[in-house]
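Below is one structure, written out as structure tokens; comments come after it.
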Amino acid sequence: MKDLDPKQLEQHLKSNSPLLLDVREQWEWDKCHFDKARLLPMGQIMANIDSLDKSEEIVLICHHGIRSMQVARYFESVGFSNVINLKGGIDAWAKTIDESMELY
């Protein structure tokens with residue numbers, strides 16, 4: 001698993017097109033999210049794991065990077081090979097990259 005801070009992820013996204021997978025809850029997503037992200041709340045991961053490609057590069061996103069790191073570790077344990085965690089979560093992204101995002 002890679003653990004990228006917002007600036008590192010911003011650079012990575014300039015030359016890569018990973019699946020942005022947001023593991024927060026719907027109400028959090030409604031406040032702010034990446035435009036091209038897919039919402040799949042952490043509690044629904046196991047029921048929907050087969051809808052994901054284990055070889056695809058996936059960036060996991062949550063509020064502060066804790067839930068996404070847990071999901072990243074789980075993904076690696078079940079055979080996902082290219083997982084990135086957004087260190088500091090969408091909160092850190094909003095504070096350093098996109099100040100137009102709502103903080104909560």
Keeping [X] on the side-chain end and [Y] on the backbone end, is there a donor-acceptor pair under 3.5 Å?
{"X": "Gln44", "Y": "Pro41", "value": "no"}
{"X": "Gln8", "Y": "Asp5", "value": "yes"}
{"X": "Glu76", "Y": "Met1", "value": "yes"}
{"X": "His33", "Y": "Trp29", "value": "yes"}

Original post:
How are the rings of Trp27 and Tyr104 set relative to one another: parallel (under 30°), tilted (30 to 60°) or perpendicular (over 60°)?
Top reply: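 Ring orientation of Trp27 relative to Tyr104: perpendicular.
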Original post:
For Arg38, does the CZ atom have more than 12 heavy-atom neighbours from other residues, nucleotides or ligands under 6.0 Å away?
Top reply: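 More than 12 within 6.0 Å, yes.
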Original post:
Does Glu99 CD have over 12 foreign heavy atoms under 6.0 Å away?
Top reply: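 No, CD of Glu99 has 12 or fewer neighbouring heavy atoms, counting only those of other groups under 6.0 Å.
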I'd like to know if [Y] and [X] are part of one continuous hydrophobic network [Ile/Leu/Val/Met/Phe/Trp/Tyr, side-chain heavy atoms within less than 4.5 Å].
{"X": "Ile97", "Y": "Val59", "result": "yes"}
{"X": "Met69", "Y": "Phe75", "result": "no"}
{"X": "Ile90", "Y": "Leu13", "result": "yes"}
{"X": "Trp93", "Y": "Leu20", "result": "yes"}
{"X": "Leu19", "Y": "Val71", "result": "yes"}

Original post:
Any side-chain heavy atom of Pro6 within less than 4.5 Å of one from Leu86?
Top reply: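 They are in contact (side-chain heavy atoms under 4.5 Å apart), so the answer is yes.
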Subject >> Side-chain touch Phe80/Leu60, heavy atoms, less than 4.5 angstrom >> reply: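 No. Closest side-chain heavy atoms not under 4.5 Å.
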Subject >> Heavy-atom closest contact (Cys32 atom, Arg24 atom, distance) >> reply: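 That closest heavy-atom pairing would be O-NH2, 2.5 Å.
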Original post:
Closest approach of Ser51 and Asn48, non-hydrogen atoms and distance?
Top reply: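 That closest heavy-atom pairing would be OG-O, 2.7 Å.
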Would you give the length of the straight line joining atom [atom1] of [X] to atom [atom2] of [Y], rounded to the nearest 0.5 angstrom?
{"X": "Asn85", "Y": "Leu9", "atom1": "CG", "atom2": "CG", "answer": "10.0 Å"}
{"X": "Ser17", "Y": "Glu57", "atom1": "OG", "atom2": "CD", "answer": "9.0 Å"}
{"X": "Asp22", "Y": "Leu39", "atom1": "CG", "atom2": "CG", "answer": "5.5 Å"}
{"X": "Ile84", "Y": "Asn16", "atom1": "CD1", "atom2": "CG", "answer": "7.0 Å"}
{"X": "Lys31", "Y": "His63", "atom1": "NZ", "atom2": "NE2", "answer": "10.0 Å"}
{"X": "Lys2", "Y": "Asn82", "atom1": "NZ", "atom2": "CG", "answer": "6.0 Å"}

